[in-house]
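Everything on this sheet refers to the single structure shown next.
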Amino acid sequence: MKLVRFYKEAGICQGVLTKDEQLNDVSHFGEDWNSQFFESDGIARLREWLESQHNLDVIPFESVTLAPAVERPPNIHCIGLNYADHVKEFLREGKEADLPEEPVLFNKSTASWSAPNGNIIIPADSDHTDWEVELAIVIKTHAKNVSAESALDYIAGFGVMNDYSERHWQKELGGQWVKGKSSDTFAPFGPYLATPDEINDPHQLSIWLKLNGETMQDGNTNQFLFDLPYIISYLSRFTTLLPGDVISTGTPSGVGLGQSPPRFLRDGDVVEFGIDGLGSQRQVAVKEKAKN
């Protein structure tokens, strides 16, 4: 299934995208796509409920305004430097010896969670806002000290996320990366959450991003330094992964920081990006106005 959330007059509604790109309104199921839904085997319950429904409202998918494909997660865990070519561009003079021996972990504030086709807000005092298209996974149930062999069983679904980053704040202000990762709108997620049966192999997905129509990122998840089972198992050593948690798994090369000279978002820029089988997003960059 492909789970969707979208806006109507009454607020956010839930939907399931059909194979012919129509949207079934499933608001009467009575649950949102959140921690409680995932933890209580909600996907299986939703499938069973759908089999008994014969008169669902059908809406053209392109006609709706999308909300984030799942409710704001308990945590947004991120993996840094998970593609070799991105390591080299991030470090500017990076070499094979600089590849991380273990996953680089950081978090984004959940305040950055946002809709897939809204604006990307450039902070008022930022001149270094950058893009990072990433494959994201949503955790289905509590995971603590899980093995790599069983790790994929903990995935509720897959989606497209952009780990937008303010590079000056991230790299030059000291401390942890979270300060450069957590501005409002810096974690758009969607257009939908695809359950695992929708994806043949999450380690063979093309992933791309365009800026104003120009291809900037063109990679594949087969370039991961650390694959999904390893990432889930590794993270679960250090913290209990919660139902609804999101893990964003790193970006391929082609970010603005890696350009020569570096290139960052400006007011009016159009960012489009997507992943095979998981749809695409489109955002317009809008410069935040400074407060008096």
Side-chain angles (χ1 to χ4, degrees), residues 76-108 128-137 148-149 151-152 155 158-172 176-178 180-181 186-189 199-211 214-238 246-265 271-278 280-281:
I76 305 173
H77 303 284
C78 298
I79 309 299
L81 307 178
N82 200 25
Y83 291 73
D85 286 348
H86 177 55
V87 174
K88 295 172 185 176
E89 69 175 357
F90 184 80
L91 299 176
R92 303 299 294 174
E93 301 298 330
K95 303 176 180 64
E96 289 295 326
D98 295 316
L99 297 182
E101 295 182 3
E102 298 189 30
V104 175
L105 307 181
F106 64 93
N107 281 51
K108 294 174 81 81
H128 300 87
T129 298
D130 202 351
W131 55 85
E132 295 191 26
V133 59
E134 306 200 358
L135 172 68
I137 60 177
E149 290 73 20
L152 294 182
I155 297 178
F158 303 92
V160 180
M161 198 178 103
N162 201 316
D163 174 25
Y164 284 111
S165 309
E166 210 299 337
R167 298 300 190 191
H168 178 73
W169 300 351
Q170 177 189 3
K171 298 193 71 178
E172 306 301 331
Q176 298 182 345
W177 286 3
V178 63
K181 299 285 188 172
F186 270 27
F189 183 87
I199 302 299
N200 290 331
D201 185 354
H203 300 99
Q204 293 288 340
L205 300 177
S206 294
I207 178 169
W208 57 272
L209 180 143
K210 296 181 180 181
L211 177 64
E214 178 185 356
T215 297
M216 306 301 293
Q217 294 187 271
D218 184 11
N220 193 291
T221 57
N222 63 20
Q223 300 165 333
F224 280 157
L225 295 175
F226 304 102
D227 65 14
L228 299 183
Y230 188 90
I231 287 169
I232 295 168
S233 177
Y234 186 84
L235 262 171
S236 76
R237 282 181 56 197
F238 306 109
V246 169
I247 304 174
S248 201
T249 60
T251 197
S253 62
V255 302
L257 182 68
Q259 307 302 308
S260 186
R263 183 175 175 183
F264 300 110
L265 291 178
V271 187
E272 300 168 284
F273 53 94
I275 300 175
D276 277 359
L278 296 175
S280 61
Q281 301 188 29

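Residue numbers run from 1 in the order of the sequence given. Excluded from the calculations below are hydrogen atoms, water molecules and symmetry mates; all remaining heavy atoms, backbone and side chain alike, are included. No experiment lies behind these values; they were computed from the predicted model shown.
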Testing the basics here: between Ala151 and Pro229, what is the closest heavy-atom pair and its distance to 0.1 Å? CB-O, 3.6 Å

When you compare the side chain of Asp98 with that of Leu81, does any pair of heavy atoms fall below 4.5 Å? no

Looking at Gln176, I want to see if its CD is surrounded by more than 12 non-hydrogen atoms of other residues, nucleotides or ligands under 6.0 Å. no

On a heavy-atom basis, which atom in Gln217 and which in Ser253 lie closest, and how many Å separate them? CG-O, 3.3 Å

Between NE2 of His77 and CD1 of Ile137, what distance do you get to the nearest 0.5 Å? 10.0 Å

For Gly219 versus Pro252, what's the shortest heavy-atom pair and its separation? CA-CB, 4.2 Å

Would the number of heavy atoms belonging to other residues, nucleotides or ligands and lying under 6.0 Å from CG of Asp201 be above 12? yes

Hey, does Phe224 have a side-chain heavy atom less than 4.5 Å from the side chain of Ile231? no

On the six-membered ring of Tyr164, is Lys108 placed so that its NZ or CZ lies under 6.0 angstrom from the centre and within 45° of the ring axis? no

Donor-acceptor pair, side chain of Asn162 and main chain of Trp131, under 3.5 angstrom: no

Which heavy atom in Trp169 sits nearest to a heavy atom in Gly180, and how many Å separate them? CB-CA, 3.9 Å

If you apply the rule side-chain contact (heavy atoms from CB on, under 4.5 Å), what do you find for Asp85 with Gln223, and how did you get there? CA-CA 9 Å; Asp85 286 348; Gln223 300 165 333; 5.6 Å; no

Is there a side-chain contact between Thr221 and Pro202 in this structure, where contact means two heavy atoms from C-beta onward sitting under 4.5 Å apart? no

Please check if the side chain of Gln259 supplies one atom and the backbone of Gly256 the other of a donor-acceptor pair under 3.5 Å. no

Spatial distance of atom CG (Asn222) from atom OH (Tyr83) [nearest 0.5 Å]: 8.5 Å

Looking at Gln170 and Trp177, would you say the former's side chain and the latter's main chain have a donor-acceptor pair under 3.5 Å? no

I'd like to know if Arg167 pairs up with Glu89 as an ion pair, taking the criterion as any Lys NZ or Arg NE/NH1/NH2 lying under 4.0 Å from an Asp or Glu carboxylate oxygen. no

Please name the pair of heavy atoms, one in Ile79 and one in Phe106, separated by the smallest distance, quoted to 0.1 Å. C-CE2, 4.1 Å

Side chains of Val87 and Leu225: closer than 4.5 Å at any heavy-atom pair? yes

Using ring-ring contact (aromatic ring centres under 6.0 Å, His included) as the criterion, list what pairs up with Phe186, not counting sequence neighbours. none

Determine whether a donor-acceptor pair (N or O, by modelled atom type, separation under 3.5 Å) exists between the side chain of Glu166 and the backbone of His128. yes

Got a sec, which residues hit side-chain contact (heavy atoms from CB on, under 4.5 Å) with Phe238, two or more places apart in sequence or on another chain? Leu105, Tyr234

For a 4.5 angstrom cut-off between non-hydrogen side-chain atoms, does Ile207 reach Thr251? no

Got a salt bridge between Asp163 and Lys181, using NZ or NE/NH1/NH2 to carboxylate O under 4.0 Å? yes

Do you know the tightest heavy-atom contact between Asn107 and Val178? O-CG2, 3.2 Å

With heavy-atom distances below 4.5 Å as the criterion, would you say the side chains of Leu257 and Phe264 are in contact? yes

Report yes if the side chains of Trp208 and Val133 come closer than 4.5 Å at any heavy-atom pair, otherwise no. no

Just wondering, do Pro103 and Tyr230 contact through their side chains at under 4.5 Å, heavy atoms? yes

Whether the side chain of His203 engages the backbone of Leu228 through a donor-acceptor N/O pair (distance < 3.5 Å, no angle test) should be reported. yes

